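Working notes, structure below.
Not measured: the values here are computed from a predicted model.
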Amino acid sequence: MSAASGSDAAEAAGADATNIPDDHPRAASLRTRERMKAAVTAGLVHGTGLIAHGRGEAFDYLLGEQTPPESRAAIAEGAALLRQARQPVLSLNGNVVALAARACVEVAHALPSLRLEVNLFHRTEERVRRLVAAMEEAGARPGEVLGPDPDHRIPGLSSDRARCHRAGIGEADVVLVPLEDGDRCQALKAMGKTVVTVDLNPLSRTARAADVTIVDELTRVLPLLAQALREGSPRPPGFDNGQNLQAVRRRMAQNLLQDLQ
Ligand code: PTJ
């Protein structure tokens with residue numbers, strides 16, 4: 001499959017791969033799984049991205065598969081920080097592009113100062129090129145997505161994720177890093193940056209280290225975030241990330257304990 005085929009091709013391959021009946025109670029979730037599998041075949045998602053996706057699904061069960069009020073508050077806070085930023089950046093990995101390329105473009109176009117940058121843990125130049133092509137196929141302007149030919153490093157990170165662009169993550173003051181793998185969040189914080197993350201796991205190192213953690217499913221978050229960026233929603237008074245995370249954990253625990261119908 002050519003690099004230019006991108007996530008639409010992954011979607012098409014996924015849709016063809018299995019016949020999931022519309023009336024299956026988990027049809028939407030099963031289709032997303034097929035899309036992720038196809039995105040691995042298309043060279044967009046790393047194999048371990050499927051494991052990350054499964055972990056996300058498990059936490060989404062605990063959340064009740066809907067956006068809770070705590071996440072709405074975190075989205076409003078994150079949007080306010082991004083709007084105030086001198087140089088905001090949305091960091092893209094394989095899972096993020098496969099799940100939500102168009103929604104990421106929508107977020108970028110809702111805040112024209114925001115830069116898009118592909119930054120990978122399991123970096124290969126081929127996968128970076130494919131992900132940039134998938135973003136362009138989803139509506140990003142040619143050259144809008146940084147990623148190939150990085151000219152900067154995040155200090156204190158030994159993984160390939162350190163390789164980034166000075167004009168993107170390097171000089172960013174606020175970085176939105178969805179589906180993050182932990183150590184980079186701490187490295188970005190050590191550089192003095194403000195980190196906003198989207199992570200269904202409220203216990204993860206990223207969730208606890210970020211300035212704003214949106215505990216919710218990425219494809220539910222991005223349209224709400226784009227709307228908040230466009231409308232300039234007010235900042236929630238006294239937002240505290242630690243308290244917000246605790247409230248989400250409590251909500252998950254209550255969901256686990258409640259009697260099922
Ligand atoms: O494309 P690469 O090479 O940069 O690799 C990307 C992955 C995702 C493989 C890498 O960053 C990784 O291994 O991440 P982790 O450590 O598994 O963390 C991903 C986090 O995202 C986990 O805490 C999941 O619960 C969460 N997550 C998974 N899917 C979603 C999600 N959060 C929100 N929405 C989702 N759809």
Side-chain angles (χ1 to χ4, degrees), residues 1 5-72 74-75 90 92-107 127 130-131 133-135 137-140 178-181 197-204 207 213-228 248-249 251-261:
M1 189 169 293
S5 52
S7 55
D8 288 342
E11 255 172 62
D16 288 349
T18 337
N19 187 12
I20 299 163
D22 286 340
D23 61 355
H24 190 289
R26 303 285 310 161
S29 164
L30 295 179
R31 288 206 181 94
T32 304
R33 284 183 176 187
E34 292 296 338
R35 243 184 40 228
M36 294 299 283
K37 189 183 83 172
V40 173
T41 307
L44 297 171
V45 170
H46 188 264
T48 60
L50 298 181
I51 299 169
H53 182 74
R55 181 189 290 170
E57 281 185 336
F59 278 103
D60 206 14
Y61 251 85
L62 299 182
L63 200 60
E65 297 182 310
Q66 54 192 335
T67 300
E70 296 81 19
S71 308
R72 288 186 189 275
I75 289 168
L90 167 50
L92 305 165
N93 66 22
N95 286 46
V96 170
V97 173
L99 285 168
R102 279 192 203 95
C104 289
V105 173
E106 197 194 328
V107 165
R127 195 151 73 91
R130 284 176 190 245
L131 290 167
M135 287 298 294
E137 202 171 290
L179 279 67
E180 171 66 354
D181 83 331
T197 192
V198 181
D199 190 341
L200 277 159
N201 177 3
L203 302 167
S204 74
T213 307
I214 303 165
V215 182
D216 197 5
E217 204 284 318
L218 181 74
T219 63
R220 289 197 300 268
V221 169
L222 292 175
L224 296 172
L225 182 64
Q227 188 185 1
V248 182
R249 286 198 299 272
R251 181 179 292 281
M252 287 181 169
Q254 278 161 2
N255 284 346
L256 257 183
L257 290 172
Q258 79 186 358
D259 289 338
L260 295 177
Q261 310 295 325

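Judged purely by atom type and a 3.5 angstrom limit, N93 uses its side chain to pair as donor or acceptor with the backbone of L179. Looking at T48, its side chain never comes within 3.5 Å of a backbone N or O of I51 through a donor-acceptor pair. Between the side chain of S71 and the main chain of V215, a donor-acceptor pair closer than 3.5 Å is present.
A salt bridge between E34 and K37 is present, with a side-chain N of the basic residue lying under 4.0 Å from a carboxylate O of the acidic one. Ion pairing between R55 and D199 fails under the 4.0 Å rule for side-chain N and carboxylate O.
Applying the ring pair (Phe, Tyr, Trp, His ring centres under 6.0 Å) criterion to H46, with sequence neighbours excluded, gives H122. Residues passing the side chain to side chain donor-acceptor pair (under 3.5 Å) test with R251, sequence neighbours excluded: E70.
Around the CZ atom of R249, the shell of radius 6.0 Å holds more than 12 heavy atoms that belong to other residues, nucleotides or ligands.
Distance CG/N201 to CG/L63: 11.5 Å, rounded to 0.5 Å. The CG atom of L203 sits 12.0 Å away from the CG atom of L200 when rounded to the nearest 0.5 Å. To the nearest 0.5 Å, the span separating CZ on R72 from CD1 on I214 amounts to 12.0 Å. Interatomic distance, C104 SG to L92 CG, rounded to the nearest 0.5 Å: 5.0 Å.
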Below 3.5 Å, can you tabulate the donor-acceptor pairs from side chains in residues 220-227 to any protein atom, sequence neighbours excluded?
| unit_1 | atom_1 | unit_2 | atom_2 | d |
| --- | --- | --- | --- | --- |
| R220 | NE | D216 | OD1 | 3.1 |
| R220 | NH1 | D60 | OD2 | 3.2 |
| R220 | NH1 | E65 | O | 3.4 |
| R220 | NH2 | D60 | OD1 | 2.7 |
| R220 | NH2 | D216 | OD1 | 2.7 |
| Q227 | NE2 | E231 | OE2 | 3.4 |

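Screening R130, M135, R127 against V97 for a side chain to side chain contact (heavy atoms under 4.5 Å, CB included) leaves a single residue, M135. Screening L256, N255, V248 for a side chain to side chain contact (heavy atoms under 4.5 Å, CB included) with M252, the sole residue that qualifies is V248.
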Check your understanding: L99 and H53: side-chain contact (heavy atoms from CB on, under 4.5 Å), yes or no, with the steps?
Key -> CA-CA 10 Å; L99 285 168; H53 182 74; 4.0 Å; yes

